[in-house]
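Read the numbers this way: they start at 1 and go in the same order the structure lists the ligands and their atoms.
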Amino acid sequence: MRIDIITVLPELLESPFNASILKRAIDKGLVEVHMHNLRDYTDKSYNQVDDYQYGGGAGMVLMIEPIDRCISALKNERDYDEIIYMTPDGKTLDQRMANSLSLMKNVMVLCGHYKGVDQRVRDRFITKEISIGDYVLSGGELGAAVLCDSIIRLIPGVLNNETSALTDTFQDNLLAPPVYTRPADYKGMKVPDVLLKGDFPKIEKWREDQAQARTEKLRPDLLE
Ligand code: ADE
């Protein structure tokens with residue numbers, strides 16, 4: 001899989017891709033992530049990429065011209081399955097969306113900034129608009145990092161058996177069961193007996209029951 005991220009703040013996206021599972025996925029060649037600084041695509045002085053909005057009002061708007069240049073240059077090189085715009089008014093990211101995006105070959109992600117992008121960018125180029133939740137961030141970069149993490153960890157080979165995504169919360173529309181590690185007794189707080197006995201069918205049943213009970217208690221909306 002290849003992900004191209006268009007941003008005015010590439011430095012904000014450096015560390016998430018340089019540590020842990022995402023770094024390992026890139027090092028193993030399972031995903032390529034390319035950053036494109038929007039300022040490299042403007043011919044305005046001071047590398048300007050934004051301007052005041054027509055009709056007045058607070059906040060700058062990212063201009064269509066550098067975005068068109070960048071997206072068009074990328075589209076000339078390969079076909080994209082989705083061109084995503086990160087925005088608080090997009091569809092809220094969930095596990096189902098991450099699952100489906102993880103099967104794609106080439107994905108482009110445009111990060112908004114300031115008041116957002118000129119509407120004509122959305123009308124002309126964008127195939128999917130994604131929000132990471134009902135709150136407003138300063139830009140799309142942190143949302144893009146969250147989106148990419150949720151997708152990349154699902155690519156076959158990225159996680160090993162122990163960290164398999166199949167047992168993640170949300171994979172069956174259920175929250176994950178509780179987990180424990182050593183010691184079995186910490187200051188009187190004991191690990192459930194069933195986990196210590198090695199009866200795997202029984203453990204599996206216990207985990208299913210816990211997942212169901214936890215979901216009913218904490219997120220009944222997932223069961224509707
Ligand atoms: N940009 C600003 N706020 C955002 C959000 N909640 N999700 C995605 N991109 C954003």
Side-chain angles (χ1 to χ4, degrees), residues 1-22 25 31 33-42 47-68 70-71 74 80-104 106-155 168-170 219 221-222:
M1 180 181 204
R2 175 184 169 116
I3 304 176
D4 289 277
I5 304 179
I6 304 170
T7 167
V8 290
L9 285 172
E11 61 273 24
L12 203 53
L13 280 163
E14 263 162 35
S15 70
F17 294 101
N18 265 311
S20 188
I21 287 168
L22 299 195
V31 63
V33 181
H34 298 268
M35 303 293 168
H36 305 276
N37 190 337
L38 198 56
R39 295 187 194 282
D40 295 340
Y41 294 84
T42 179
N47 293 336
Q48 184 190 351
V49 289
D50 58 343
D51 212 333
Y52 296 100
Q53 52 179 310
Y54 278 121
M60 305 294 273
V61 175
L62 289 176
M63 294 184 289
I64 188 169
E65 194 178 11
I67 296 175
D68 179 9
C70 183
I71 291 181
L74 289 169
Y80 283 86
D81 301 298
E82 294 285 6
I83 302 180
I84 297 167
Y85 174 51
M86 300 307 301
T87 173
D89 52 21
K91 190 163 188 293
T92 309
L93 177 64
D94 60 14
Q95 192 63 41
R96 183 195 298 256
M97 215 188 284
N99 287 346
S100 106
L101 288 169
S102 75
L103 302 173
M104 296 186 172
N106 297 310
V107 171
M108 212 187 288
V109 182
L110 172 64
C111 302
H113 241 267
Y114 319 112
K115 273 286 162 201
V117 298
D118 188 306
Q119 180 60 38
R120 290 167 293 184
V121 170
R122 300 169 74 161
D123 297 341
R124 173 64 65 91
F125 300 113
I126 299 301
T127 61
K128 203 178 204 53
E129 302 192 327
I130 298 180
S131 163
I132 62 159
D134 287 345
Y135 41 82
V136 179
L137 303 167
S138 314
E141 285 76 13
L142 297 179
V146 169
L147 173 69
C148 290
D149 187 305
S150 75
I151 295 173
I152 291 170
R153 61 197 303 287
L154 298 172
I155 296 172
D168 280 350
T169 277
F170 299 127
R219 290 292 307 276
D221 56 296
L222 292 175

Nitrogen or oxygen atoms of Ile130 and ligand 1 under 3.5 Å apart: no

Are Leu9 and His113 packed together at the side-chain level, in the sense that at least one heavy-atom pair is separated by less than 4.5 angstrom? yes

Give the single entry among Ile132, Asp89, Val136 that approaches atom 8 (C) of ligand 1 most closely by any heavy atom. Ile132

Atom 3 (N) of ligand 1: of Val146, Ile84, Leu93, Leu137, the nearest heavy atom sits on Leu137

Any luck finding a side-chain donor-acceptor pair between Tyr80 and Asp4 under 3.5 Å? yes

State plainly whether the residues Arg124 and Asp118 are in salt-bridge range, i.e. N to O under 4.0 Å. no

Could you tell me whether a side-chain N or O of Gln48 sits under 3.5 Å from a main-chain N or O of Asp50, the two making a donor and an acceptor? yes

Residue pair Met108 / Ile6: nearest heavy atoms and the distance that separates them: SD-CD1, 3.8 Å

Could you check whether any heavy atom of Gly133 sits closer than 4.0 Å to an atom of ligand 1, since that is the contact criterion I want to use? yes

Give a yes-or-no answer on whether the side chains of Glu129 and Thr87 include a donor-acceptor pair shorter than 3.5 Å. no

Touching ligand 1 at all, Gly90? Heavy atoms, strictly under 4.0 Å? no

Identify the protein heavy atom lying closest to atom 6 (N) of ligand 1, giving its residue, its atom name and the separation to 0.1 Å. Tyr135 O, 2.8 Å

Ligand 1 contacted by Ser131 (non-hydrogen, < 4.0 Å): yes

Which of the atoms of ligand 1 are close to Gly139, meaning less than 4.0 Å from one of its heavy atoms? 1 (N), 2 (C)

